[in-house]
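Here, residue 1 is the first one in the sequence, and each next residue gets the next number.
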Amino acid sequence: MNLELLQTFLKIVEYQQISLAAEALFITQSAVSTRLNKLESQLGVKLINRKKGHSLVTLTKYGESLVPIAQQLSDLTQKTHHLKEIANYHFLKVIAPQDIMQTLLPDVCSSLLMADPLLRYTFATADNDLVYDAINNQTADLGFAFDSLARTEVTVKKIGEAALQVLVSADSWYSNPVHIEDLARHDEIYIPYSQSYNSWHLMYWDHSLSPYLQLDSGYLAATYLSSSKHWALIPQFVAQKILQQQHRLKSLTLVETIPPLPIMAIQSQKYAGLSADIDKLLFTIRAKL
């Protein structure tokens, strides 16, 4: 039975006028009459008594019998359509630095969302300190960071690490591989990923000198690498994502050994629930790294 026809019939019953039923349904009176005629034709009975000169309509005995059936069918159909709204969704709030949020999580989380139609993510971007604060305050379920920081009520696990690469414009004058001594501080697009990274960086470049530009995301560096002399050190997984989208850039390898950037997963020690969703996400990220 066509739900549209039944709902039109119920509107006629409610308003007792074809014109008012049409207004309530935002259709023309002729469309209401057409639907009513089609319903009566399908059932093989007359449902409505219409008299010339009278705007109000009355129900036949068949029409009166159909009202409770139509209401039940309408209610059942609506409940069926609303199954998604009453489903047992499980929500996971994730917070991470911009580089992880923009380049590592999209593909991973998209595949998990497709595999589980009841899974829902909430994403937020923050630097390392704010990630730890959010987990400590339990405003997020899972956090990612490039550093291990001391917090009293969080659990920190290293889930992987990322090699660092030099990103430059395609017409850059640098050789590949490139020596650290060839990379001038005043030409650097600098991203302070973590305290440990900053300590290593300080051994090779004078931080009393200002870089060309400082950003909070390696992913954003691509926008500013327009000169052949500018360069940026960024995680390999970020560089791969950028190079898929930007053909005017290229990556270089440093001759000197660079300590890889650790990727930490942070959870609250008070956390309870959603462990299966978190385990799936961490496993998938480990595999990708």
S.K.: Would you say the side-chain atoms of Asp99 pair up with the backbone N or O of Ser217, donor to acceptor, closer than 3.5 Å?
M.R.: no
S.K.: Could you pull out the closest heavy-atom pair between Ile242 and Gly218, with the gap in Å?
M.R.: CD1-O, 3.8 Å
S.K.: Should we say atom CE of Met203 is surrounded by more than 12 heavy atoms from elsewhere, each under 6.0 Å from it?
M.R.: yes
S.K.: Can you find a pair of side-chain heavy atoms, one from Arg185 and one from His201, that are under 4.5 Å apart?
M.R.: yes
S.K.: State, with a plain yes or no, whether a side-chain heavy atom of Ser74 is found less than 4.5 Å away from one of Leu3.
M.R.: yes
S.K.: Keeping Asn137 on the side-chain end and Thr139 on the backbone end, is there a donor-acceptor pair under 3.5 Å?
M.R.: no
S.K.: Does one hydrophobic cluster hold both Leu167 and Leu164, with members joined at side-chain heavy-atom distances below 4.5 Å?
M.R.: yes
S.K.: Between Ser251 and Leu243, what is the shortest heavy-atom contact and its length?
M.R.: OG-CD1, 3.9 Å
S.K.: Over all heavy atoms of both residues, which pair between Asn176 and Leu252 is shortest? Give the atoms and the distance, please.
M.R.: OD1-CA, 3.4 Å
S.K.: Can you name the nearest heavy-atom pair linking Tyr174 to Ser228, along with the distance?
M.R.: CE1-O, 3.8 Å
S.K.: Do Leu25 and Thr8 pass the side-chain contact (heavy atoms from CB on, under 4.5 Å) test, and can you show the C-alpha distance, the side-chain angles, and the key distance before you say yes or no?
M.R.: CA-CA 8 Å; Leu25 293 168; Thr8 302; 3.9 Å; yes
S.K.: Once you round to the nearest 0.5 Å, how far does OH of Tyr132 lie from CD1 of Ile135?
M.R.: 10.0 Å
S.K.: Hey, mind stepping through Thr60 and Asn49 against side chain to side chain donor-acceptor pair (under 3.5 Å) and telling me if it holds?
M.R.: CA-CA 6 Å; Thr60 66; Asn49 292 313; 5.7 Å; no
S.K.: Does Trp231 reach the main-chain N or O of Ser172 with its side chain, forming a donor-acceptor pair under 3.5 Å?
M.R.: no
S.K.: Between CH2 of Trp205 and CH2 of Trp200, what distance do you get to the nearest 0.5 Å?
M.R.: 4.5 Å
S.K.: So does Glu153 get a backbone contact from the side chain of Gln269, meaning a donor-acceptor N/O pair under 3.5 Å?
M.R.: no
S.K.: Please round to the nearest 0.5 Å and tell me the distance separating atom CD of Gln7 and atom CG of Leu10.
M.R.: 7.5 Å
S.K.: Is the shortest side-chain heavy-atom distance between Val178 and Val168 below 4.5 Å?
M.R.: no
S.K.: To the nearest 0.5 Å, what is the distance between CD1 on Ile48 and CG on Leu59?
M.R.: 4.5 Å
S.K.: Does Val32 reach the side chain of Ile12, with side-chain heavy atoms less than 4.5 Å apart?
M.R.: yes
S.K.: Work out which heavy atom in Leu215 is nearest to a heavy atom in Leu213; give both atom names and the distance.
M.R.: CD2-CD2, 3.9 Å
S.K.: Compute whether any side-chain donor of one residue and acceptor of the other, for Ser208 and Asp206, lie under 3.5 angstrom apart.
M.R.: yes
S.K.: Is Ile285 close to Leu105 at the side-chain level, that is, under 4.5 Å between some pair of heavy atoms?
M.R.: yes
S.K.: Once you measure the plane-to-plane angle for His207 and Tyr190, does it fall in the parallel (<30°), tilted (30-60°) or perpendicular (>60°) bin?
M.R.: perpendicular
S.K.: Taking the side chain from Ser41 and the backbone from Asn37, do they hold a donor-acceptor pair closer than 3.5 Å?
M.R.: no
S.K.: Do side-chain atoms of Asp147 reach the backbone of Gln195 as a donor and acceptor pair under 3.5 angstrom?
M.R.: yes
S.K.: When you measure from the side chain of Asn128 to the backbone of Tyr193, do you find a donor-acceptor pair of N or O atoms at a distance under 3.5 Å?
M.R.: yes
S.K.: As a quick check of understanding, evaluate side-chain contact (heavy atoms from CB on, under 4.5 Å) for Val45 and Leu47, giving each step before the final call.
M.R.: CA-CA 6 Å; Val45 296; Leu47 300 172; 3.9 Å; yes
S.K.: Applying the side-chain contact (heavy atoms from CB on, under 4.5 Å) test to Val131, which of Leu142, Ile95, Ile100, Thr125 qualifies?
M.R.: Ile95
S.K.: Are Met264 and Phe237 connected in the hydrophobic side-chain network, where two residues link if heavy atoms are under 4.5 Å apart?
M.R.: no
S.K.: Between Tyr212 and Lys229, is any pair of side-chain heavy atoms under 4.5 Å apart?
M.R.: no
S.K.: Say whether, by atom type as modelled, one donor and one acceptor occur between the side chain of Glu256 and the main chain of Ile180 under 3.5 angstrom.
M.R.: yes
S.K.: How long is the gap from CG on Leu118 to NE2 on His90, to the nearest 0.5 Å?
M.R.: 5.0 Å
S.K.: State whether Asp107 and Lys241 are salt-bridged, where the test is any N-O pair (Lys NZ or Arg NE/NH1/NH2 against Asp/Glu carboxylate O) under 4.0 Å.
M.R.: yes
S.K.: What do the steps show when you test Leu281 against Ile278 for side-chain contact (heavy atoms from CB on, under 4.5 Å), and what is the final call?
M.R.: CA-CA 5 Å; Leu281 178 55; Ile278 289 178; 5.7 Å; no
S.K.: List the atom of Met101, the atom of Ala96, and the distance in Å for their closest heavy-atom pair.
M.R.: CE-N, 3.8 Å
S.K.: Quick one: does Lys288's side chain get under 4.5 Å of Leu104's, heavy atoms only?
M.R.: yes
S.K.: Atom CD in Gln42, atom CG in Asn2: separation rounded to 0.5 Å?
M.R.: 6.5 Å
S.K.: Using the rule that Ile, Leu, Val, Met, Phe, Trp and Tyr join whenever any side-chain heavy atoms are under 4.5 Å apart, tell me whether Val108 and Phe283 fall into a single cluster.
M.R.: no
S.K.: Within the structure provided, determine whether Leu233 and Leu254 are in side-chain contact (heavy-atom separation under 4.5 Å).
M.R.: yes
S.K.: Are Tyr197 and Val166 co-members of a hydrophobic cluster defined by side-chain heavy atoms under 4.5 Å apart?
M.R.: yes
S.K.: Measure the acute angle between the ring planes of Tyr121 and Phe123, then classify it against the limits of 30° and 60° as parallel, tilted or perpendicular.
M.R.: parallel
S.K.: Treating Ile, Leu, Val, Met, Phe, Trp and Tyr as nodes and any side-chain heavy-atom pair under 4.5 angstrom as an edge, say whether Leu20 and Val57 lie in one connected cluster.
M.R.: no
S.K.: Apply side-chain contact (heavy atoms from CB on, under 4.5 Å) to Gln246 and Leu225, showing your working.
M.R.: CA-CA 11 Å; Gln246 299 276 359; Leu225 287 168; over 6 Å; no
